[in-house]
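Since the structure comes first, as structure tokens, the remarks are kept for the end.
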Amino acid sequence: MAYTQLAVLLTSGLLVIIGLFAAIFIDNIIKKVIGISFIEEGVNLFIIAIGYKTGGVVPILIPGMDKSWFATNAAYPLPFGLVLSSIVIGASSLAVMFAIVMVLYKKYGTLKTSVMLADHSHGSVNDE
Amino acid sequence: MMNEWIPLMVVIPMLCAVIVSAFNKWSKPIKILVVIVAICIPIIPLIAQYGIHYFGGYAPMIDTVTGILYHPSITYIFNILQKIFIFVLGIVTFLVVFIYVNKYKKASGQYLFLIFMGTSSATALLLTDDIFNMFVFFEILALVQVGIVAASRLEGNFEMALRYLILGAIGSPIMLLGIGFLLATTGSVNITDIVSAIQNATISVKSPIFLMSCGLIFFGWLYASGLPPFHTIKSGIYSKAEPHAAALLQCFTVISMISILLIMYRIFHVVEFFELLVVIFSAIAMILGITLALTQTDFRRMIGFLAVGELGFIGLGIGLYTQFAITAGLFQALNEMIITALLFLGFGAIVYTTGETDTRKLGGLLQYHPKVGLMILLGGLAMAGVPPLNGFRSKLMLIQASLSCGYPELSLLAIIVSIATFVVFVKMFYTIFLRPKPKELEISKNDLPRSMIFAMGILLIMIVVIGICPNIVTYGISQYVGGILL
Amino acid sequence: MLEFILMFIIIVSAILALIQSDLLKAAILTGFSGGAIAVLFQILLAPDVALTQAIVSAAIVPVFIALAVKKTRRDDN
């Protein structure tokens, strides 16, 4: 199972690419946001894969464990700590996005980004 | 040596933000609390001593085998640069809160939450020596900016907020990916540790992973600082926020720009083309900012684009990477924070009295508001670089720096952009204040709140004082740059 | 073997979520993908992150999407 880390890295890259594709090319705003959540998850997966150690143990020191054995075999815990905060940040920014989407849907009655986020200011200046 | 004042600079505004949003109903006590905290914010950096704070008290450890120093905890460094910038940020925050409290009878807890959260995270960006901590506060700052724009009642603010948020939600995972690459190569997120790993040649500076992380973090920096290709969205953000909030937003932008840039410099200055990259993007920002400002008719957009163009000056100075040039760039950053805040507040006063932002429909306001007109004129002259105001000092330093580095083209560009700024400004001043008043224009509210005049006066005093004796800031910044960066 | 199946689920449900014309189904498929990532975190020796990810990505985010869909519209045009 030495290929696990490589496979996870590839999966995370694929997830980021899928998300970027969705965020750039799909017109529906909710799907755009779903794509953005995939980018975030892909990056989180990547950072977790950095800390992984093949054949390692969970980095929690249980009483009675040999400390030097633990130090060589435990996975690297720093990336895990980072991902915890990153997950929460991602979820909160997603919530803000959906809140604004709901407000804008009331105004425009559509979920199309091409209608919602079109540059209205320029049009009005030219009309006058 | 522990220094408890350092975390308090971040904790006090953050705590105030949480309290204020929790007790939204009591308007009167909230107002008193926010004014007290806003007075405290600029005072704390003045009384705090320079030093380093390790969160949790975990002091650095020396690896007995390799002899390398490791920082196990999140580290905050407080030095003269941080002192100056946190002080100015605190002053602007205080003025903005003061205006807000005077302008609205019922204080909105959520809005004040956003303001204090933004100040707290900008302070943390300046202090932090931890690249992931930087990322977290960068994200919070992006969300705060979106919130402030969404809270303004201007037309089209939600569209702008959503656009900025979507770009940010793409840009920040990209930056996180860059941090992940750095973490994978160095095994640390502490910047001092990363730098020492690079100096000890434990990681190769020409490895593609390192260059990739440089590019990804650079992209995140472009987003945070609103340099091209994000200049349009950044000026849009300024124009869709309420004027006093826009004054604060541009402070956040400047601070995140310089703090992330300094962090990137400490890590990536070994990459050969990095300085060139910064200079090129700054030069493009200067050109685009000024050309787009010339074509605008909405004065808020105009100031927004001018602010983006001024960011280019900062990047230009820091990008040249000599002690004098970095000092000039940082000094320019300080001046821009003050000047742009003054201009946004001044034009906020015009919006307040007329309810109009289109320069073609305005005119003849000098006889109604001579004080505001004078202060805006001085602010604009400072921005264009007219002696003896502070903008002149920093721009002169920048031009000297680029000449001494052997890039006369850049100093020529800087002079041309300064002249164009002057032209934009004079044109705007003429159409708003000097030419005869159009008949359709109605001046609905003739009495300006005193808080606005007071805030502008304070900023103007700072402009003049720094302009007359720039040594009070440049000497300290120069010391810092010589000691830490080079 | 389990991790490869999980990676397959992550990618396929992500793609399916994006080509779905019913946004509620897309929300559920996003939850699938997030849940699979949570189990993958457990395999990658990060149980604490797996717990957070399971709650946030498999429950909270789909609920956010479903709420947004309920307040707006279900089809994607």
Side-chain angles (χ1 to χ4, degrees), chain A residues 9 12-13 15-16 19-20 22-24 29 32-33 35-51 76 78-79 81-83 85-86 88-90 92-108 113 115-122 124-125 128, chain B residues 72 74 130-133 135-140 142-144 146-147 149-150 155-190 216 232-233 236 239-240 295-298 301 357-358 360-361:
Chain A
L9 288 178
S12 68
L15 210 52
V16 170
L20 267 180
I24 295 169
I29 188 77
K32 235 187 215 323
V33 177
I36 287 167
S37 85
F38 286 151
I39 301 177
E40 279 159 3
E41 277 171 5
V43 174
N44 289 344
L45 199 55
F46 167 76
I47 295 181
I48 288 285
I50 292 170
Y76 189 45
L78 177 62
L82 307 189
V83 169
S85 13
S86 161
V88 177
I89 293 174
S92 48
S93 72
L94 225 60
V96 177
M97 260 186 254
F98 281 129
I100 299 180
V101 166
M102 285 179 207
V103 172
L104 284 183
Y105 180 79
K106 258 184 207 160
K107 188 171 166 188
Y108 292 103
T113 325
V115 180
M116 224 183 234
L117 298 184
D119 210 339
H120 304 286
S121 62
H122 274 292
S124 63
V125 168
E128 281 162 14
Chain B
I74 294 174
D130 184 290
I131 200 163
F132 187 75
N133 201 270
F135 170 77
V136 169
F137 283 109
F138 159 85
E139 269 279 11
I140 296 175
L143 279 180
V144 162
V146 168
V149 173
E155 175 72 22
N157 61 337
F158 285 110
E159 287 87 341
M160 195 56 85
L162 186 60
R163 224 180 282 167
Y164 190 70
L165 190 54
I166 287 177
L167 278 178
I170 297 172
S172 60
I174 285 178
M175 192 168 181
L176 185 59
L177 204 60
I179 293 170
F181 278 127
L182 263 186
L183 177 63
T185 48
T186 61
S188 174
V189 286
N190 186 286
L216 293 173
T232 326
I233 186 83
S239 66
K240 294 295 177 211
T295 58
Q296 295 298 317
T297 50
D298 180 340
R301 282 268 339 195
T357 64
D358 194 339
R360 290 171 300 187
K361 292 177 190 163

Exercise. Given a strict heavy-atom distance threshold of 4.5 Å, which part of A/Leu94 is in contact with chain B: side chain, backbone, both, or neither?
Worked result: neither

For this session: With a 4.5 Å cut-off on heavy-atom pairs, point out which of A/Val43, A/Val33, A/Leu20 contacts chain B the most.
Result: A/Val43

For this session: State plainly whether the residues B/Glu159 and A/Lys107 are in salt-bridge range, i.e. N to O under 4.0 Å.
Result: yes

Exercise. If you look only at pairs with a residue in residues 95-106 of chain A, which of them pass as a side chain to side chain donor-acceptor pair (under 3.5 Å), with sequence neighbours excluded?
Worked result: none

Problem set entry | Contacting region of B/Ile166 [heavy-atom separation from chain A under 4.5 Å] | both

Exercise. Side chain, backbone, both or neither: which part of B/Ser188 has a heavy atom under 4.5 Å from chain A?
Worked result: backbone

For this session: Could you check which of B/Leu177, B/Val189, B/Ile170 has the highest count of heavy-atom pairs closer than 4.5 Å to chain A?
Result: B/Leu177

Exercise. Between B/Asp130 (side chain) and B/Asn133 (backbone), is there a donor-acceptor pair under 3.5 Å?
Worked result: yes

Exercise. Which residues satisfy the side chain to side chain contact (heavy atoms under 4.5 Å, CB included) test with A/Ile100, sequence neighbours excluded?
Worked result: A/Val96, A/Leu104, B/Val146, B/Phe158, B/Ala161, B/Leu162, B/Leu165

Problem set entry | Pairs of heavy atoms under 4.5 Å with chain B: top-ranked of A/Leu82, A/Ile24, A/Thr113, A/Ile50 | A/Leu82

Problem set entry | Spacing of A/Lys32 atom NZ and A/Ser37 atom OG [to the nearest 0.5 Å] | 14.0 Å

